[in-house]
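Naming convention: chains lettered A, B, ... in sequence-line order (proteins, then strands); numbering from 1 in each chain. Side chains included, hydrogens not; waters and symmetry mates left out as well; all remaining heavy atoms used.
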Number of protein chains: 2
Amino acid sequence: MKSFGEIIKEKREEKGLFLRQVSALMELDQAIISKLERQERKASREQVLKFAEIYDLNPKDLIISWRSDKVAYELMNEENAEQILKVAETKVKYLKKKIG
Amino acid sequence: MKSFGEIIKEKREEKGLFLRQVSALMELDQAIISKLERQERKASREQVLKFAEIYDLNPKDLIISWRSDKVAYELMNEENAEQILKVAETKVKYLKKKIG
DNA sequence: ATTGATTTGACTAATTTTGTCAAATCACTT
DNA sequence: AAGTGATTTGACAAAATTAGTCAAATCAAT
């Protein structure tokens with residue numbers, strides 16, 4: 001399963017674009033894009049959607065990839081990560097039902 | 001399923017302690033404890049462990065509750081929260097195997 | 001109304017995140 | 001090996017978020 005960074009890096013290469021060019025399209029320093037590709041930094045939601053646009057990726061799928069990366073990264077050093085995710089699932093369902 | 005805030009609030013009441021007293025035990029302003037109980041703020045890991053100590057709660061379980069609250073809260077406004085959690089699970093397993 | 005517990009909100013301090021930039025490194029070509 | 005252009009790195013500053021302090025407001029019970 002590819003990480004968000006891997007996805008946007010592969011896609012850029014597939015499209016034959018240089019960081020410089022993506023940088024111009026995104027209006028974002030190429031150093032940051034480089035870091036996003038190597039997962040040294042995390043993208044904002046807006047940036048994710050911009051990537052989807054530029055690279056013709058399904059925004060929903062890209063959001064899922066980005067968001068799940070973030071959750072997984074936060075939990076990877078957590079002893080009981082799997083249990084936490086299970087409980088979180090229950091809680092999310094509850095919260096969504098309750099509040100929206 | 002109880003939230004972290006609910007748990008620590010109930011336990012405090014069960015023990016018949018006032019915020020002021022818990023505040024002294026935790027060395028933390030009672031305003032903050034009040035906010036933690038009502039989930040207006042998020043506890044740090046250290047604080048969670050301190051609560052477990054004070055209230056005789058299983059630290060592991062309390063951590064799970066606290067951490068899952070955080071994840072659930074972050075995702076509750078996310079369209080595809082369930083999918084994100086599923087993907088995150090896969091990624092966590094992978095990351096734990098790979099890095100530790 | 002008074003007392004004591006809890007909650008609220010304004011304020012400051014501390015921490016984390018974000019972007020900018022230039023220099024360093026890398027890969028390729030000649 | 002030098003030169004070219006792409007990518008990566010790291011130091012720095014700006015911006016945003018989070019944490020804690022405090023006093024006043026609210027609440028609950030008498």
Side-chain angles (χ1 to χ4, degrees), chain A residues 2-55 62-63 65-78, chain B residues 2-55 62-63 65-78:
Chain A
K2 279 177 210 145
S3 70
F4 173 78
E6 286 167 343
I7 292 172
I8 60 172
K9 174 156 203 179
E10 283 184 11
K11 266 292 171 181
R12 176 172 65 80
E13 288 168 347
E14 217 176 292
K15 298 248 171 196
L17 295 169
F18 297 128
L19 287 178
R20 163 169 42 86
Q21 301 175 287
V22 177
S23 169
L25 290 168
M26 304 266 305
E27 301 180 61
L28 185 61
D29 194 297
Q30 72 169 36
I32 293 179
I33 296 171
S34 168
K35 284 168 190 172
L36 294 176
E37 287 187 351
R38 285 168 302 105
Q39 323 204 61
E40 197 185 309
R41 287 226 185 163
K42 262 178 275 167
S44 69
R45 172 176 299 266
E46 283 191 359
Q47 288 164 351
V48 173
L49 295 174
K50 197 85 198 244
F51 276 120
E53 213 179 300
I54 289 174
Y55 295 148
L62 200 58
I63 289 277
S65 169
W66 160 69
R67 218 58 175 82
S68 60
D69 260 25
K70 205 171 149 196
V71 173
Y73 180 78
E74 282 171 13
L75 291 183
M76 84 182 203
N77 294 315
E78 194 70 62
Chain B
K2 279 177 209 145
S3 70
F4 173 77
E6 286 167 344
I7 292 172
I8 60 172
K9 174 157 202 181
E10 283 184 13
K11 266 292 172 185
R12 176 172 64 81
E13 288 168 347
E14 216 175 293
K15 298 249 173 196
L17 294 168
F18 297 128
L19 286 178
R20 164 169 40 87
Q21 301 175 286
V22 177
S23 169
L25 291 168
M26 304 267 305
E27 300 180 61
L28 186 61
D29 194 296
Q30 70 169 39
I32 293 178
I33 297 171
S34 168
K35 284 167 189 171
L36 295 177
E37 287 187 351
R38 286 168 301 104
Q39 323 203 61
E40 198 185 309
R41 289 229 183 157
K42 261 178 276 170
S44 69
R45 173 176 298 267
E46 283 191 359
Q47 289 164 352
V48 173
L49 296 174
K50 197 85 199 248
F51 277 120
E53 214 178 299
I54 289 174
Y55 295 149
L62 201 57
I63 290 277
S65 169
W66 161 69
R67 220 56 175 83
S68 61
D69 260 24
K70 204 171 150 194
V71 173
Y73 179 78
E74 282 170 14
L75 290 184
M76 82 182 204
N77 294 315
E78 194 69 63

Exercise. What residues, two or more places apart in sequence or in another chain, satisfy side chain to side chain donor-acceptor pair (under 3.5 Å) together with B:Arg12?
Worked result: B:Glu37

Exercise. Would you say B:Gln21's side chain and B:Phe18's backbone share a donor-acceptor pair under 3.5 angstrom?
Worked result: yes

For this session: State, with a plain yes or no, whether a side-chain heavy atom of A:Leu17 is found less than 4.5 Å away from one of A:Tyr55.
Result: yes

Problem set entry | Side chains of A:Phe4 and A:Val48 in contact at under 4.5 Å (non-hydrogen atoms) | yes

For this session: Would you list the pairs meeting salt bridge (charged side-chain N to carboxylate O under 4.0 Å, His left out) in which at least one residue belongs to residues 44-54 of chain B, sequence neighbours left out?
Result: A:Glu78-B:Arg45

For this session: Sequence neighbours left out, what passes side chain to side chain donor-acceptor pair (under 3.5 Å) with B:Ser65? Give chain and number order.
Result: none

Exercise. When the C1' atoms of the five terminal pairs at each end define the local axes, what inter-axis angle does the helix from C:dA1-D:dT30 to C:dT30-D:dA1 show, to 10 degrees?
Worked result: 40°

Exercise. Can you check the A:Glu74 CD to C:dT17 C1' distance for me, whole Å?
Worked result: 14 Å

Exercise. What's the CE-P distance between A:Met26 and C:dT18, to the nearest Å?
Worked result: 13 Å

Problem set entry | Partner set under side chain to side chain donor-acceptor pair (under 3.5 Å) for A:Glu40, not counting sequence neighbours | A:Arg38

Exercise. Between A:Ile33 (CD1) and C:dC21 (P), how many Å, whole number?
Worked result: 15 Å

Exercise. How far apart are the C-alpha atoms of B:Lys11 and B:Glu14, what are their side-chain angles, what is the distance that settles it, and do they pass the salt bridge (Lys or Arg N to Asp or Glu O under 4.0 Å) test?
Worked result: CA-CA 5 Å; B:Lys11 266 292 172 185; B:Glu14 216 175 293; 3.2 Å; yes

For this session: For nucleotides 7-25 of chain D, just jot down a letter per nucleotide in 5' to 3' order: B, S or -, based on protein non-hydrogen atoms under 4.0 Å.
Result: BBBB--------BBBB---

Problem set entry | Integer-rounded Å distance: C:dT17 C1' and A:Gln39 CD | 18 Å

